[in-house]
Amino acid sequence: MAINAQEISALIKQQIENFQPNFDVTETGVVTYIGDGIARAHGLENAMSGELLIFENGSYGMAQNLETTDVGIIILGDFTDIREGDSIRRTGKIMEVPAGDALIGRVVNPLGQPVDGLGEIVTDTFRPVETPAPGVMQRKSVSEPLQTGLKAIDALVPIGRGQRELIIGDRQTGKTSIAIDTILNQKGQDMICIYVAIGQKESTVRTQVETLRKYGAMDYTIVVTASASQPSPLLFLAPYAGVAMAEEFMYNGKHVLIVYDDLSKQAVAYRELSLLLRRPPGREAFPGDVFYLHSRLLERSAKVSDELGGGSITALPIIETQAGDISAYIATNVISITDGQIFLQDSLFNSGIRPAIDAGSSVSRVGGSAQIKAMKKVAGTLRIDLASYRELEAFTKFGSDLDAATQAKLNRGRRTVEVLKQPVHEPLTVEKQVVILYALTHGFLDSVPVDDILRFEEELFAFVEVHHPEIFETIRTTKDLPSEETMDAVITDFVNQSSFK
């Protein structure tokens, strides 16, 4: 078949008219400096702060310093085979991590990649690591209690859903144990937990994961780990990755507990990055925005309004002090951002009082609104009892004669300290806590030898469970105490039938 020139010309014109240019334009630059997890690149004029960048070898970086001549980049992962002169390109995406139910029960790194050997995480939900915190009008006041299962906390420094409560103390005083016990106690409480391990030894993280698995807590927990061997950019990023995962649940109306263990190591990693990026150092060589580093992280924990689903993120940041110095720079920063602190003292820890909570320095700025009615009734005088006991205890060291009232106060104080002791990984339900604290504050323990108090507690719980289960049921369902007559009758009945008579 002969095709004439006119038809060919018409076809060519049609092709030109229908032509759609399909250019894939990506801005690329050149690496001008590399070292210690930091790179500098020239030629990325339009890079955004926090944007994800890809190096020639496939490693990712995140734009931090946007300067007139170049961009300061933190490298997320291995940087040993990146060289000066390598190309680097923009992705146009802000740093984000996977989120959603697929992560529950998994151990991931700060990029959301699994490190537990259980296969890929399949999810199409992603959240940026840096997002603005909920505004004032998007928040709701904290009113629901978050039960930790620890008598000393639930009675003295109660935590509410949506609160930020700092756990602070020297190393080896039981800070992580409090956080892990709180996670264990969320079983069946409709709470998702996220444990962020920053700068821990990998063997320590493994131990924590095994503990959570042993007690069935991994069924509702995500572990984000950036171990001590990782480059400092990952240690800096880990808490933001954790809270981004938490926000996905919060904005879907769920409740989340997130533990940052610990933020002192994040601050040190951020100081290292900032000094390498040539940011001017300030006090203790920390950069001037180290307060903002933690405030923009912790402000993302909130109880959001009903219009946004009524979910919450409760944060338990951990800070390590040196020789109990809570007036140090990072410690005071985080204290001023949070809604109270649980201060652990090593002298108490070493004398066998565990959890080693210093009732005098610990405070919850949410207070009674994070307690059920029954707990408010039994825990009202505990803090004053403990404070006056500590004061009197100091005087008794002088060996002076004591009158009967002082002696009685000392006896009650010793028993209060003993009741508030609790073995590790044995959280108590709130109804059991209320029953033993009622027995303490109403004088039923005054005649029990201090060494027998733990046995008294165990036998009392067993007695109530078998003979008067309605007591526990009433506290659990109505959140209030049965009448004093009922409580007195039940505990008197127990004392009469036991060896404590």
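For the residue pair Y438 and D488, a side-chain donor N or O sits within less than 3.5 Å of a side-chain acceptor on the partner. Counted by atom type alone, T176 and D261 present one or more donor-acceptor pairs between their side chains at under 3.5 Å. A side-chain donor from one of R279 and Y270 sits under 3.5 Å from a side-chain acceptor of the other. Q163 and S364 are linked by a side-chain donor-acceptor pair at a separation below 3.5 angstrom, with hydrogens and angles left out of the test. Residues D385 and T416 bring no donor and acceptor atom of their side chains to less than 3.5 Å of each other. In summary, the side chains of S229 and S227 do present a donor paired with an acceptor at a separation below 3.5 Å, with no hydrogens or angles considered.
The closest side-chain heavy-atom distance from D219 to K187 is not below 4.5 Å. Residues T148 and D181 form no side-chain contact, since every pair of their non-hydrogen atoms from C-beta on lies 4.5 Å or further apart. With contacts defined as side-chain heavy-atom distances shorter than 4.5 Å, the pair P98/T125 does not qualify. At a threshold of 4.5 Å between non-hydrogen side-chain atoms, the residues Q230 and L235 count as touching. A heavy-atom distance below 4.5 Å is not found between the side chains of T338 and E165. In this structure, the side chains of R213 and M218 come closer than 4.5 Å at one or more pairs of heavy atoms.
For the side chain to side chain donor-acceptor pair (under 3.5 Å) test, residues two or more places apart in sequence or in another chain that qualify with Q113 are N109. Residues forming a salt bridge (Lys or Arg N to Asp or Glu O under 4.0 Å) with K254 (at least two apart in sequence, or on another chain): D101. Residues satisfying the side chain to side chain donor-acceptor pair (under 3.5 Å) criterion with Q433, sequence neighbours excluded, are D154.
Looking at S351, its side chain does come within 3.5 Å of a backbone N or O of S347 through a donor-acceptor pair. With hydrogens and angles disregarded, no donor-acceptor distance shorter than 3.5 Å links the side chain of S274 to the backbone of P287. Between the side chain of Q186 and the main chain of Q147, a donor-acceptor pair closer than 3.5 Å is present. At least one donor-acceptor pair closer than 3.5 Å links the side chain of D116 to the backbone N or O of V107. Between the side chain of S362 and the main chain of A359, no donor-acceptor pair closer than 3.5 Å is present. Between the Q138 side chain and the G135 main chain, a donor and an acceptor come within less than 3.5 Å of each other. The backbone N or O of T207 sits less than 3.5 Å from a side-chain atom of T211, completing a donor-acceptor pair. For R161 (side chain) and V142 (main-chain N/O), no donor-acceptor pair under 3.5 Å exists by modelled atom type.
Within 6.0 Å of CG in D403 there are more than 12 heavy atoms belonging to other residues, nucleotides or ligands. More than 12 heavy atoms of other shown residues, nucleotides or ligands fall within 6.0 angstrom of atom CZ in R365.
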Next item on the list: Applying side-chain hydrogen bond (donor to acceptor under 3.5 Å, both in side chains), run through S483 and T486 and close with a yes or a no.
Entry: CA-CA 5 Å; S483 67; T486 310; 2.7 Å; yes

Item checked: Criterion side-chain hydrogen bond (donor to acceptor under 3.5 Å, both in side chains) on S361 and Q345, from CA distance to verdict -> CA-CA 10 Å; S361 306; Q345 216 171 26; 5.9 Å; no

Next item on the list: Check the pair N185, Q189 against side-chain hydrogen bond (donor to acceptor under 3.5 Å, both in side chains), reporting the backbone distance first and the verdict last.
Entry: CA-CA 8 Å; N185 197 53; Q189 304 278 338; 5.5 Å; no

Next item on the list: Please assess Q172 against D346 for the test side-chain contact (heavy atoms from CB on, under 4.5 Å), listing each intermediate value before the final yes or no.
Entry: CA-CA 8 Å; Q172 300 293 324; D346 66 345; over 6 Å; no

Check: Please walk me through it: do T131 and R300 pass side-chain hydrogen bond (donor to acceptor under 3.5 Å, both in side chains)?
Finding: CA-CA 8 Å; T131 51; R300 287 162 75 177; 3.2 Å; yes

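Ion pairing between R206 and E202 fails under the 4.0 Å rule for side-chain N and carboxylate O. Between E418 and R414 there is no salt bridge, since none of the side-chain N atoms of the basic residue sits less than 4.0 Å from a carboxylate O of the acidic one. We find that R296 and E130 are joined by a salt bridge, their nearest charged nitrogen and carboxylate oxygen being less than 4.0 Å apart. Between D446 and R412 a salt bridge is recorded (basic side-chain N to carboxylate O distance below 4.0 Å). Using a 4.0 Å cut-off between a side-chain N of Lys or Arg and a carboxylate O of Asp or Glu, E431 and R476 qualify as a salt bridge. In summary, E393 and K409 do not engage in a salt bridge, as defined by a charged side-chain N under 4.0 Å from a carboxylate O. Look at K140 and D306 and you find a salt bridge, because one of the NZ, NE, NH1 or NH2 atoms lies within 4.0 Å of a carboxylate O, short of that distance. A salt bridge links K303 with E144: the closest approach of a Lys/Arg side-chain nitrogen to an acidic carboxylate oxygen falls below 4.0 angstrom.
The salt bridge (Lys or Arg N to Asp or Glu O under 4.0 Å) with E457 is formed by just one residue from the set K421, K151, R415; it is K151. Among the candidates L316, V224, I313, T314, the single residue satisfying the side chain to side chain contact (heavy atoms under 4.5 Å, CB included) test with I258 is I313.
The distance from the CE atom of M245 to the CZ atom of R106 is 11.5 Å, given to the nearest 0.5 Å. Considering NZ of K377 and CE of M487, their distance stands at 10.5 Å, rounded to 0.5 Å. Atoms CG and OG1, on L212 and T221 in that order, are 5.5 Å from each other to the nearest 0.5 Å. The CD1 atom of I330 sits 8.0 Å away from atom OG of S264, with the distance rounded to the nearest 0.5 Å. One distance of note links OG1 of T381 with CG of L440; it measures 8.0 Å at 0.5 Å rounding. For the atom pair CG (D262) and CD1 (I318), the distance works out to 7.0 Å, reported to the nearest 0.5 Å.
Ring geometry for F463 versus H467: interplanar angle of 30 to 60°, hence tilted.
Outside the 6.0 Å centre-distance limit, the rings of F461 and F456 are not counted as a close aromatic pair.
Of all heavy-atom pairs spanning I471 and P482, the tightest one is CD1-CG, 4.0 Å.
Cation-pi geometry between R354 and F349 is met: under 6.0 angstrom from the ring centre, within 45 degrees of the axis.
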